[in-house]
Colleague: 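Structure provided below as structure tokens; questions to follow.
Only this structure's heavy atoms are used, side chains among them; waters, hydrogens and symmetry mates stay out.
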Amino acid sequence: MRFIGLVVIFLAAVTASAGPVTRIEWEENILALHAPEVPGGKVETWYLEAFCRSGSTDRDWEATVIPHTTRLVEADGDGQWVKLESMVQEGVRATHEIRVVEDGVSFALVIKNESGEAVDVDWAQPCMRVGDFTGLGQEDYFSRCFIYTRAGQVMLDRLPRVEEARYRGGQVYVPAGVDLDDVNPRPISKEVPVNNLIGCVSSDGRWILATAWDATQELFQGVINCIHADPRIGGLKAGEAKRITGRVYLVPNDSEGLLAAYERDFGK
């Protein structure tokens, strides 16, 4: 029986490090995904950059952001999971469970309005930094980034770009059904994505890094070598709670394989 126990422990250790992400850690609002095989050796995400009100597209950003604080509740000693709690001004509490999985990282977010009134918390912003992964700078890193359109996986430099907006720079891709008045005040592309994936290809061409949420407000190619899949909350009634799930995929450079993983997790 002792031998069997040792085998189980060994298999659990192998399973925990089976994918390119070997461990995660969260400190001072930065979620680090350690992946020694990929360019840069890790991927950092500002988690979370912001919680946002509706009506954001043509308004000063400071008036859109809802103040919040996030703290570490608990973390696995082997770096396989972390649990966080965000307190959002106006009586909203969000709990986050983030886990290493075989092809990346999973997110389970529960957000609850603990106040007695409805709260206009419409969406949130995790900001994934991809400069080291793509090996490119601010002016050209988006040439290694992609979304999915009716033509399939398309690199962002192959899509027409809009320049005019309240704030110039970057590009916002809005899924069907999301109000164009409620997204980032950056240039909004006329291209409508067909799924909730945004990603990029590594500098050595071997890897894809991509992210998605089951409910998505926008896909955003940002202004600090970053990409966003921003989860949609859609407001909360008094006492209401919502569950949102998300993924980061770190997989070999195979578009069809990425799509298969996405459809496994979120459906078509």
Side-chain angles (χ1 to χ4, degrees), residues 13-27 30-47 49 78-80 98-107 126-149 151-159 161 169-171 173 189 191 193-213 219-229 246-266:
V14 170
T15 301
S17 59
V21 179
T22 58
R23 61 187 177 91
I24 59 175
E25 59 184 354
W26 183 93
E27 187 176 6
I30 298 297
L31 176 67
L33 282 56
H34 293 270
E37 295 181 62
V38 308
K42 66 178 178 179
V43 176
E44 292 187 338
T45 299
W46 185 358
Y47 189 92
E49 179 180 352
D78 294 326
Q80 298 305 295
I98 308 169
R99 291 186 175 270
V100 176
V101 293
E102 185 176 358
D103 53 4
V105 174
S106 68
F107 297 81
C127 175
M128 180 182 289
R129 317 293 177 72
V130 299
D132 290 343
F133 184 80
T134 61
L136 297 176
Q138 181 56 46
E139 297 302 317
D140 58 357
Y141 83 97
F142 67 89
S143 66
R144 289 188 177 273
C145 300
F146 61 82
I147 62 170
Y148 284 85
T149 74
Q153 186 192 88
V154 182
M155 309 311 286
L156 299 189
D157 64 338
R158 302 295 181 89
L159 294 172
R161 294 181 69 82
Q171 203 78 182
Y173 303 91
S189 173
E191 194 70 48
V194 296
N195 62 30
N196 293 340
L197 277 167
I198 186 170
C200 55
V201 176
S202 62
S203 59
D204 60 8
R206 295 179 55 216
W207 299 96
I208 283 178
L209 173 68
T211 182
W213 290 79
L219 306 177
F220 177 45
Q221 173 258 310
V223 293
I224 54 167
N225 288 31
C226 64
I227 56 174
H228 292 220
R247 285 295 313 268
V248 169
Y249 298 100
L250 188 49
V251 294
N253 187 1
D254 172 10
S255 178
E256 293 304 314
L258 173 63
L259 275 177
Y262 172 82
E263 290 174 2
R264 174 200 67 206
D265 295 330
F266 299 107

Colleague: In the structure I gave you, are the side-chain heavy atoms of Phe107 and Val248 within less than 4.5 Å of one another anywhere?
Modeller: yes

Colleague: Could you please spell out the steps behind the ring-ring contact (aromatic ring centres under 6.0 Å, His included) verdict for Phe133 and Trp207?
Modeller: CA-CA 9 Å; Phe133 184 80; Trp207 299 96; 8.3 Å; no

Colleague: Taking atom CG of Asp140 and atom CG of Asn225, what is their separation to the nearest 0.5 Å?
Modeller: 8.5 Å

Colleague: Quick one: does Asn196's side chain have a donor or acceptor within less than 3.5 Å of a partner on Ala212's backbone?
Modeller: no

Colleague: As an exercise, state the distance from CD of Glu44 to CZ of Arg129, rounded to the nearest 0.5 Å.
Modeller: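 Here the interatomic distance stands at 7.5 Å.
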
Colleague: Quick one: pull up CG in Leu219 and OG in Ser189 and give me the separation to the nearest 0.5 Å.
Modeller: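 Rounded to the nearest 0.5 Å, the CG-OG separation comes to 10.5 Å.
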
Colleague: Rounded to the nearest 0.5 Å, what separation is found between the OG atom of Ser106 and the CZ atom of Arg99?
Modeller: 7.0 Å

Colleague: If the plane angle is over 60° it's perpendicular, under 30° parallel, otherwise tilted; pick one for Tyr262 and Phe266.
Modeller: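 Answer is tilted, since the angle falls between 30° and 60°.
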
Colleague: On a heavy-atom basis, which atom in Cys145 and which in Ile227 lie closest, and how many Å separate them?
Modeller: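 Minimum heavy-atom contact is SG-CG2, 3.9 Å.
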
Colleague: Does a side-chain heavy-atom distance below 4.5 Å link Cys226 with Met128?
Modeller: no

Colleague: Would you check if Ser202 and Asn253 make a side-chain contact, meaning some heavy-atom pair closer than 4.5 Å?
Modeller: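 Ser202 vs Asn253: side chains apart.
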
Colleague: Shortest non-hydrogen contact from His34 to Glu25?
Modeller: NE2-OE2, 2.8 Å

Colleague: Side chain of Asn195, backbone of Leu197: donor and acceptor closer than 3.5 Å?
Modeller: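 Checking the backbone N and O of Leu197 against the side chain of Asn195, a donor-acceptor pair under 3.5 Å is found.
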
Colleague: For a 4.5 angstrom cut-off between non-hydrogen side-chain atoms, does Phe146 reach Ser255?
Modeller: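 Sidechains of Ser255 and Phe146: no contact.
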
Colleague: Side chains of Val21 and Val43, heavy atoms from C-beta outward: is any pair under 4.5 Å?
Modeller: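 When only atoms from C-beta onward are counted, Val43 and Val21 do not touch, as no gap falls below 4.5 Å.
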
Colleague: Given side chains that start at C-beta, do those of Met155 and Val201 come closer than 4.5 Å, heavy atoms only?
Modeller: yes

Colleague: Please find the pair of heavy atoms, one from Val223 and one from Gly170, that lie closest to each other, and give the distance.
Modeller: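 It is CG1-N, 3.8 Å.
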
Colleague: Nearest 0.5 Å, what's the CG-CD distance between Leu250 and Glu37?
Modeller: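 Interatomic distance, Leu250 CG to Glu37 CD, rounded to 0.5 Å: 8.5 Å.
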
Colleague: Does a donor on one side chain and an acceptor on the other come within less than 3.5 Å for Thr149 and Tyr173?
Modeller: no

Colleague: Count the heavy atoms belonging to other residues, nucleotides or ligands that lie under 6.0 Å from CZ of Arg264, then report whether that count exceeds 12.
Modeller: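 Yes - once you tally the heavy atoms of other residues, nucleotides and ligands closer than 6.0 Å, there are more than 12.
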
Colleague: What closest approach, in Å, do Tyr141 and Leu136 show between heavy atoms, and which atom pair accounts for it?
Modeller: CA-CB, 3.6 Å

Colleague: To the nearest 0.5 Å, how far apart are CD1 in Ile30 and OG1 in Thr45?
Modeller: 8.0 Å

Colleague: If you look at every heavy atom in Ser203 and Thr134, which pair is closest and at what distance?
Modeller: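 Taking Ser203 first and Thr134 second, the nearest heavy atoms are CB-O, 3.3 Å.
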
Colleague: Does Glu263 reach the main-chain N or O of Leu258 with its side chain, forming a donor-acceptor pair under 3.5 Å?
Modeller: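 Answer holds: no.
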
Colleague: Checking side chain to side chain donor-acceptor pair (under 3.5 Å) between Gln221 and each of Gln171, Arg161, His228, which is the one that passes?
Modeller: Arg161

Colleague: Quick one: does Val101's side chain get under 4.5 Å of Arg247's, heavy atoms only?
Modeller: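 Sidechains of Arg247 and Val101: in contact.
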
Colleague: Do the non-hydrogen side-chain atoms of Ile224 and Cys127 ever get within less than 4.5 Å of each other?
Modeller: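 Yes. Closest side-chain heavy atoms under 4.5 Å.
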
